[in-house]
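Let me begin by presenting the structure, written as structure tokens, before commenting on it.
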Amino acid sequence: MLRLDRARVYDPVQGWRGQSRSLFIENGRMVADPGPQATVERVIDLEDAVVMAGGIDIHSHIGSGKVNLARTLMPHDHARTERAAALENGAWRHGGSGQATPTSWIAGYRYAEMGYTAAFEPAMLPVNARATHYTLADTPVIDKGAYVLLGNDDLFLRLLARGAEPQRLADYVAWMLARTRSLAVKVVNPGGISAFKFNQRALDLDQAHAYYGVTPRQVLRALARAVHDLGVPHPLHVHTSNLGVPGNVATTLATMEAAEGLPLHLTHVQFHSYGKEGPRGFSSAAEAIAEAVNRQPNLSIDVGQVMFGQTATASGDTMAQYANRRHAHPHAWTCIDIECEAGCGVVPFRYRDRNFVHALQWAIGLELFLRVRDPWRIFLTTDHPNGAPYTVYPQLMRLLMDRGYRNRMLDAVHPEVAAHSALRGLDREYTLEEIAIVTRAGPARSLGLRDRGHLAPGAVADLVAYRDDPDRDAMFARPSHVFKDGELIVRDGRLLAAPQGATLALEPEFDAAIEAQISEHYARHLSLRAEHLAVGAQELADYGGRAPLILPCTRHG
Amino acid sequence: MAEYVRNGVRIDDTFAEAFGMRATRLLVTADHPRWAHAAAASACGFATSVIGCGCEAGVEAELDPAATPDGRPGVALLLFAVSREALAEQVERRVGQCLLTCPTTAVYAGIEGEDRIPLGRRLRYFGDGHQRSKVVDGRRLWRIPVMEGEFLIEDDTAAVRAIGGGNLLILARTRESALLAAESAVAAARAGRGAILPFPGGVVRSGSKVGARRYPKLGASTNDAFCPSLRGSTDSALEPQVGCVLELVFDALTEADMQGAMRAALAAICARGGAGGVLRVSAGNYGGKLGKYHFHLRDILPEQDP
Amino acid sequence: MALPSSQSRGSSVSGLILTLKPQAPEALDGAGLLPASLAGLSPAEAARRPLAPGIELGECFTVQADPAAPDHRLTLRTGARRLARLGCAMDGGTLRVVGDAGDLLGQDLRGGEIVVEGGCGAYAGAGQRAGLIRVRGDAGDFLGGAADGYEGMRGGVLLVQGRAGARAGWRMRRGLIAVAGGCGDWCGAEMLAGTLVAPRCGARAGLGLRRGSLVLWECPPELPATFNDAGVAEFVWLARLDRWLAALEFRLPPLTQRARRLVGDQGAGGKGEILIVGG
Amino acid sequence: MNQALTCPFCGLLCDDLGVESRAGRAEVTAAGCAQARALFPVPPQAQARIDGQAADWRAAAKAAAERLAAARRPSIAGLGCDLAGVRAALMLAERCDARVEHRHGAALAQELRATRRGGSLRTTLSELRNRADCVLFAGTRAAAHPRFFERCIEPREGLFGARQRRLILIGEAAQTAPESAALEHALAFPNAHLAEAVQLLRARLAGRRLDARHWHGIPIERFDALAAVLRAAHYGVAVWDAAELKPPHAELALRALYDLVAELNRDTRWAALPLGGNDGAAGAAAVCTWLAGRPPPLRYVHGAPQDALNADATDLVIWISAFDPQAAPPPDVPAVVLARADWRGGAAPAIFIPVAVPGVQRPGALVRLDEVPCLPLAAPAPADLPGVADVLDAVRAGLAGRSAHAAA
């Protein structure tokens with residue numbers, strides 16, 4: 001047994017708000033205070049450090065094929081390399097490269113070094129599921145999982161267009177979830193990626209798909225219903241139509257209503273909160289979006305905060321990314337139509353603080369953070385790497401917690417932004433407890449990770465200790481201790497070990513008839529067999545990962 | 001008024017009152033010097049006074065082919081205006097109408113400076129999309145296709161602080177003696193660099209005073225105190241022997257250039273001497289209230305009698 | 001004995017001469033060998049500078065003072081083309097290479113002057129922004145071209161007295177390349193802008209040329225069919241260019257104003273040109 | 001049993017093969033091409049050898065580690081193996097500062113360099129099969145992918161109904177009559193001129209006047225007619241194979257083709273489908289990119305991945321060819337060969353270690369030539385041979401403590 005003394009624990013699930021206490025760990029799990037008689041093999045004095053459960057990133061593109069495309073398009077990002085080096089305990093630390101699009105080994109190290117112990121790839125194509133899980137297996141330390149991308153595949157769209165029963169669609173969704181070892185379902189530009197293949201260049205919520213005649217609203221409702229009926233813990237993860245288009249706030253608000261009370265998670269909402277007011281035809285609509293979230297308890301969002309610097313935008317949204325291609329920096333971009341399933345588009349991008357649009361995007365993201373009242377329904381993300389690489393999280397936390405710092409940065413960006421955003425008037429400063437919610441407890445609850453995101457007895461002993469520092473950026477960037485499954489893996493920001501994390505997945509049940517129908521569809525029309533989409537448990541272990549850990553398909557109370 | 005005497009010419013202890021202006025230098029080259037001069041004559045035409053012409057301009061020097069950016073013969077032009085904006089407008093008009101149009105010419109910036117005004121930057125649109133940019137030796141040039149080939153013009157030039165309104169008044173016995181003195185003075189002043197004399201032949205006969213007595217709306221009117229024929233009608237500044245007064249007006253890039261040009265001119269006037277009919281040299285000023293620069297004649301006197 | 005212009009820096013008074021040791025590793029990254037980073041160091045101090053992680057400069061080079069040179073001059077005696085990325089991102093001073101330079105000579109050069117007494121490898125001047133590179137011998141392929149992670153040449157001057165290999169000026173964006181000995185095939189391919197001057201070049205010059213000028217004395221063989229002949233005309237800027245090359249003391253036949261103009265690549269917008277001097 | 005297996009022997013990864021094991025050897029019983037039928041049967045055993053002497057594979061791996069430790073500039077090349085093998089190769093390379101290259105690295109590099117220098121719109125096999133009403137074969141007839149026509153072009157009944165495909169061949173491939181499908185347009189010329197031909201097409205598509213009336217004997221009007229056909233497509237696909245174009249200038253043709261596709265796509269839909277990916281090249285590119293930030297060729301310097309600068313002479317090559325029995329390592333360099341049991345790619349190498357063929361003797365995974373789909377490989381005829389990753393891991397273990405920066 002390991003005892004951690006003098007831990008000022010912030011655990012919103014247990015209502016702990018920084019009181020100094022001891023924590024007990026055994027066999028990789030948190031355990032209750034065993035009393036004075038218990039044998040404690042090891043004691044670590046945390047010296048009143050701030051302690052939280054390990055960070056959980058609910059939306060980070062670290063595994064899918066599009067990230068690999070982004071890497072190949074950004075040779076400059078990979079000119080800075082990291083050496084392979086031996087770790088203290090003899091485990092091997094691999095080499096790698098990249099800042100905005102880090103290679104997988106170092107992506108895992110960097111998450112661990114800032115106290116994150118889980119991250120989830122939000123856009124996995126079924127045909128790319130195997131490669132995604134292999135990449136995640138090569139992303140050490142953290143626990144991981146992936147959301148299967150549905151809603152633009154021709155099989156689903158034709159089922160929907162032919163008026164298939166909700167149960168049939170749910171079977172289809174369940175089959176995809178189970179076979180591709182996914183943890184949730186994501187839809188990107190519902191129907192729009194497919195419509196682009198038919199030369200439609202835009203598709204609004206109630207606009208008909210040129211071939212199937214269905215609308216994004218129908219796609220969204222069908223998937224949200226299926227996800228709900230299957231008991232998938234995480235609501236349908238939605239990247240709405242009209243990504244990045246000025247004035248898209250109307251679509252986003254309509255999408256929120258379209259759920260008709262079903263749970264819905266809207267992702268990287270910052271990119272969907274744009275008005276078209278003002279002399280530049282681009283304005284912040286964060287207030288309207290935040291009010292809608294505040295009003296509708298069935299909604300949760302993650303922000304997709306923009307921070308300044310070079311990054312890459314990578315999305316399944318071929319339609320939007322094709323339109324964005326002219327902004328590519330450096331000037332190289334790739335869009336792919338994929339296997340009658342979906343698509344992807346990669347556009348390298350540099351956000352500049354002196355650019356009005358970029359700086360307003362930055363302000364819009366912060367406005368969302370500060371205006372949404374319930375921290376349990378908003379999660380901290382940059383949509384890595386779309387808004388910025390996840391390594392900016394400590395700085396983002398400081399922006400949320402330190403109003404003076406926030407306003408100084410507002411003074412430094414494009415001068416018109418302060419006038420076009422209400423940011424300066426927002427006094428709110430996040431507390432440590434709120435940070436613990438938006439970076440740990442909230443994402444864990446939303447994903448159905450019952451033994452993660454908190455430190456109650458029985459929880460996985462993923463926890464992190466930060467030396468209290470008024471400079472929250474410095475504090476969150478370099479934890480004093482990080483424990484993964486009860487093992488001390490980081491000391492003073494330095495990685496000590498790189499164990500393999502778990503892959504979390506669901507295995508919902510489905511009617512066997514759907515399997516036959518899917519197999520027939522693939523065999524007859526596509527260039528690969530449906531059964532080859534299935535990722536085997538043993539093959540993941542053979543490759544170097546761990547067999548998936550199956551979570552129950554029931555929603556959180 | 002204290003006086004200095006050189007070679008029989010009295011020189012007033014007064015000063016020429018001069019003003020700040022903005023100026024640029026353009027180098028105009030051509031296949032043959034006569035085309036460079038033809039272009040220059042047009043570009044500097046009708047540019048005697050900012051009052052009515054928008055700018056004051058003149059040929060500063062003829063350039064040896066070895067000294068031009070493209071190894072062809074050429075001339076250096078100086079253009080002066082009251083402001084950066086006025087200068088930019090005049091440069092664009094004159095270059096567009098007189099240099100773009102003239103066979104074989106090319107135009108380069110001839111002066112360094114932080115403050116840039118467009119030279120070819122807007123004129124390039126004459127190329128209707130066929131214009132091409134070239135950066136040569138750190139300078140951006142525009143190649144504008146024209147019927148004869150290509151008009152080559154630098155993207156921008158510098159607008160530098162400069163001085164206008166330096167002057168000398170030659171008081172002589174006769175018109176002939178005044179003209180001869182003025183001509184030799186202009187030739188001497190033009191031999192140097194950094195200054196021009198923008199009036200015809202470098203000489204102005206219609207020296208003016210500020211405002212008018214009879215016509216209130218007039219900004220300037222004849223300098224009656226120096227008009228010999230008005231000696232009986234006004235408070236004349238002229239002694240009875242003076243039969244003719246001519247003025248030399250100078251624009252220069254720097255105070256040193258101004259002094260150099262005025263010194264050369266004064267020396268040439270003095271060289272004509274009393275024997276040549278020159279009686280006195282004076283300068284125009286407004287009592288020192290209006291101009292920033294005062295060029296005292298005592299500072300530019302010839303050393304002694306030549 | 002007093003050395004001129006050396007008083008202010010105490011004992012560090014001279015430039016340095018670095019001579020490559022035969023036992024040095026075969027493929028060496030020379031990116032750190034910059035006049036500025038070694039300026040003011042004694043030979044012993046310079047020898048202890050890291051050349052790469054875990055390798056000290058002195059392991060690969062013998063280091064001597066160069067009392068005849070000011071301390072912003074560095075001389076490398078290299079032998080064969082082993083040292084890659086010499087002068088990478090250099091922003092001032094003078095780097096003299098006695099012998100050959102490897103690939104990526106002057107990559108991302110921002111200022112100063114590099115003089116190579118011998119030849120150089122591929123991608124000399126890749127991404128060069130400013131400054132001057134002189135190569136007395138021959139240059140490899142992709143002179144001023146776009147190496148991975150870099151654009152083509154973006155500014156400055158690249159002068160090669162000998163021959164250049166294939167695809168000189170590939171994706172060049174700005175600046176001047178002049179090659180006295182002529183260029184290989186695909187010269188000026190996909191060039192975005194800028195000027196490349198050579199007496200002659202190999203086949204298929206200018207393919208994919210978007211803007212920019214190739215100035216040649218002989219019409220290249222197998223000119224792409226996407227170039228149209230604009231005939232002969234007078235181009236004053238060639239006279240201007242001629243003066244510039246003379247000022248750079250770079251010897252080429254004189255550039256006349258009169259040239260044949262071939263416009264293309266029509267497949268890539270048609271805004272580029274090949275000028276054949278003398279018509 | 002063993003229905004619908006994936007064939008690892010070209011980048012298409014046809015996954016509809018019937019395979020049976022007879023006396024320890026796999027035999028294709030349904031749906032394979034001639035190449036698959038020739039390559040599936042592989043002997044279940046072969047002898048590892050050190051300098052010609054028979055040895056246990058573990059001893060051979062240990063000997064390889066010793067030679068690797070003594071080498072100054074080793075390379076791991078060929079790289080014909082599954083994803084796990086590539087991963088193991090990188091883990092070994094970072095320990096000994098090796099260069100890593102794939103047998104088809106030159107074609108990979110041409111593709112990479114072309115896509116890094118502008119826009120690229122691409123598509124995948126199923127999209128082509130179901131949507132394409134116009135396919136432009138640029139300098140290729142997909143000869144390196146025997147079932148390409150059968151699986152992607154010939155099926156006319158697609159998801160969106162019957163499709164009349166217009167097929168166009170340009171380049172060398174048009175110089176001989178095709179065995180499949182009637183072609184409407186064929187412009188025959190050497191592939192070396194492909195870049196120029198595509199620029200011609202772009203010029204005419206953009207409505208630009210040309211002096212030329214003919215090009216290599218082809219009237220310019222034929223380019224105009226072709227441009228009209230391309231423009232009329234609803235979903236056009238341009239197909240090429242970089243391996244059939246000569247590096248290093250092939251990238252100019254590829255860049256021009258990507259630009260052509262992007263220009264056509266302004267009004268209608270067009271996409272490119274680059275072929276390639278044989279001998280596990282697509283998987284090697286994928287794994288190297290996610291682990292080392294770049295596809296091969298790459299090199300490690302002091303344990304950090306970098307772009308390979310130039311083709312340095314190497315002094316020891318670890319040559320991997322688990323799929324092709326004839327792939328030969330570079331001549332005149334001592335070689336450690338990890339290859340299928342029936343490998344006969346040249347003279348006896350310094351060390352030979354037979355490995356199991358992924359997809360025949362051992363499960364694994366590969367990435368298809370269109371880069372996105374990643375397919376499982378089965379083991380219809382399991383053999384008692386180590387996998388590529390097993391051997392490379394053993395070599396790495398043998399290096400422990402030897403590498404200069406291992407203890408840094």
Side-chain angles (χ1 to χ4, degrees), chain A residues 65 67-69 71-73 75 77-78 81-86 92 94-98 101 103-105 125 127-131 134-135 138 154 158 196-199 211 322 325 328 331-341 344 523 525-529 531-532 536 539 542-544, chain D residues 4 6 13 15-16 83-84 87 91 94-95 112 115-127 129-131 151-152 158-160 234-235 265 268-269 271 286-287 289-295 300 302-307 363 365 367-368 370-376 405-408:
Chain A
V67 192
N68 242 12
L69 283 172
R71 290 183 186 110
T72 61
L73 289 187
D77 192 45
H78 291 270
T81 58
E82 285 189 11
R83 300 175 56 180
W92 187 253
H94 295 289
S97 59
T101 55
T103 50
S104 60
W105 280 323
L125 301 186
V127 288
N128 191 244
R130 177 167 287 99
Y134 281 28
T135 309
D138 281 332
D154 284 294
R158 80 191 23 221
F196 182 64
K197 297 172 186 174
F198 293 90
N199 205 24
Y211 181 79
Y322 178 74
R325 71 194 186 282
H331 187 75
W333 52 269
T334 295
C335 288
I336 313 185
D337 297 325
I338 298 170
E339 286 300 276
C340 301
E341 228 181 40
C344 84
H525 294 299
L526 302 187
S527 60
L528 76 171
R529 299 295 179 107
E531 55 264 43
H532 292 153
E539 72 171 300
D542 286 349
Y543 181 75
Chain D
T6 307
L13 301 188
D15 65 344
D16 57 351
L83 302 189
R87 178 180 191 263
M91 292 196 289
E94 68 178 8
R95 288 296 304 276
L112 175 76
T115 53
R116 277 179 174 176
R117 292 184 166 90
S120 49
L121 265 165
R122 305 212 313 252
T123 192
T124 63
L125 300 183
S126 292
E127 302 283 5
R129 172 179 164 145
N130 287 290
R131 284 181 213 281
R151 301 191 71 221
C152 300
L159 274 170
F160 313 108
H234 291 102
Y235 193 98
N265 195 73
T268 181
R269 278 310 319 273
V287 175
T289 304
W290 83 57
L291 290 180
R294 65 216 78 216
Y300 279 87
H302 295 278
Q306 293 186 354
D307 294 344
V367 176
R368 208 169 68 183
D370 45 5
E371 291 193 16
V372 188
C374 181
L375 292 162
H405 57 271

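None of the values given here were measured: they were computed from a predicted structure. Only this structure's heavy atoms are used, side chains among them; waters, hydrogens and symmetry mates stay out. Chain naming here is simple, since letters A, B, ... match the order of the sequence lines and numbering starts at 1 in each.
The two residues A/Arg130 and D/Cys374 come nearest to each other via the heavy atoms NH1-O, 2.9 Å. Looking at every heavy atom in both residues, A/Thr81 comes nearest to D/Ala304 through OG1-CB, 3.3 Å. In plain terms, the two heavy atoms of D/Gly119 and A/Trp333 that are nearest each other are CA-CE2, 3.1 Å. Residues D/Arg87 and A/Asp138 approach most closely at NE-OD1, 2.5 Å, considering heavy atoms. Among all heavy-atom pairs drawn from A/His532 and D/Asp15, the shortest one is ND1-OD2, 2.7 Å. Of all heavy-atom pairs between D/Pro295 and A/Thr72, the closest is CD-CG2, 4.4 Å.
Within the 4.5 angstrom heavy-atom criterion, atoms from both the backbone and the side chain of A/Asn68 approach chain D. Both the backbone and the side chain of A/Phe196 come within contact range of chain D, each with at least one heavy atom under 4.5 Å from a heavy atom of that chain. Heavy-atom distances place the side chain of D/Asp370, and not its backbone, under 4.5 Å from chain A. Residue D/Leu121 touches chain A through both its backbone and its side chain, counting heavy-atom pairs closer than 4.5 Å. Both the backbone and the side chain of D/Asp16 come within contact range of chain A, each with at least one heavy atom under 4.5 Å from a heavy atom of that chain. In this structure, chain A has heavy atoms under 4.5 Å from both the backbone and the side chain of D/Arg116. Both the backbone and the side chain of D/Ala84 come within less than 4.5 Å of a heavy atom of chain A. Looking at D/Leu83, the atoms closer than 4.5 Å to chain A (heavy atoms on both sides) sit in the backbone and in the side chain alike. For A/Glu531, the part lying near chain D is the side chain, with the backbone staying farther off; criterion is any non-hydrogen pair under 4.5 Å. When heavy atoms are compared at a cutoff of 4.5 Å, A/Glu339 approaches chain D by way of both its backbone and its side chain. Both the backbone and the side chain of A/Leu526 come within less than 4.5 Å of a heavy atom of chain D.
Side-chain contact check for D/Arg129 versus A/Cys340: every heavy-atom pair is 4.5 Å or farther apart. Contact of the D/Glu371 side chain with the A/Leu69 side chain is registered, since non-hydrogen atoms from C-beta on lie closer than 4.5 Å.
Note: A/Thr103 OG1 to D/Arg294 CZ = 8.5 Å, rounded to the nearest 0.5 Å. In this structure, OH in A/Tyr134 is found 8.5 Å from CH2 in D/Trp290, a value given to the nearest 0.5 Å. Atom CG of residue D/Leu375 and atom CZ of residue A/Arg529 lie 11.5 Å apart, to the nearest 0.5 angstrom. Between the OG atom in D/Ser126 and the CD1 atom in A/Ile338 there is a gap of 11.0 Å [rounded to 0.5 Å]. Note that NE2 of A/His525 is 7.0 Å distant from CG of D/Asn130, once rounded to the nearest 0.5 Å.
Among A/Ser527, A/Cys344, A/Gly536, the residue making the largest number of heavy-atom pairs under 4.5 Å with chain D is A/Ser527. Per-residue heavy-atom pair counts under 4.5 Å with chain D were compared for A/Ser104, A/Gly95, A/Cys335, and the maximum is reached by A/Cys335. Residue with the most contacts toward chain D among A/Val67, A/Leu73, A/Thr101, A/Thr334: A/Thr334 (heavy-atom pairs, distance under 4.5 Å). No other option in D/Thr268, D/Leu112, D/Val287 has as many heavy-atom pairs under 4.5 Å with chain A as D/Thr268. Note on D/Val367, D/Thr115, D/Leu125, D/Thr289: by heavy-atom pairs under 4.5 Å with chain A, the leading option is D/Thr289. Heavy-atom pairs under 4.5 Å with chain A were tallied for D/Ala286, D/Cys152, D/Ala271; the largest tally goes to D/Ala286. Contacts with chain A were tallied for D/Pro373, D/Pro376, D/Pro305; D/Pro376 has the most, counting heavy-atom pairs under 4.5 Å.
Residue-environment remark: NE2 (D/His234) stays at or below the threshold of 12 foreign heavy atoms within 6.0 Å.
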(message) With side-chain contact (heavy atoms from CB on, under 4.5 Å) as the criterion, how do D/Thr124 and A/Glu341 come out once you've worked through the C-alpha distance, each side chain's angles and the decisive distance to 0.1 Å?
(response) CA-CA 10 Å; D/Thr124 63; A/Glu341 228 181 40; over 6 Å; no
(message) Quick one, D/Leu291 with A/Trp105, criterion side-chain contact (heavy atoms from CB on, under 4.5 Å). Give me CA distance, side-chain angles, the key distance, then yes/no.
(response) CA-CA 6 Å; D/Leu291 290 180; A/Trp105 280 323; 3.6 Å; yes
(request) Check the pair A/Lys197 / D/Thr123 against side-chain contact (heavy atoms from CB on, under 4.5 Å), numbers first and verdict last. (result) CA-CA 10 Å; A/Lys197 297 172 186 174; D/Thr123 192; over 6 Å; no
(request) Start with the C-alpha distance between D/Val372 and A/Leu125, add both sets of side-chain angles, then the distance that settles side-chain contact (heavy atoms from CB on, under 4.5 Å), and finish with yes or no. (result) CA-CA 9 Å; D/Val372 188; A/Leu125 301 186; 4.1 Å; yes
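A salt bridge between A/Asp337 and D/Arg131 is absent, with no side-chain N of the basic residue lying under 4.0 Å from a carboxylate O of the acidic one.
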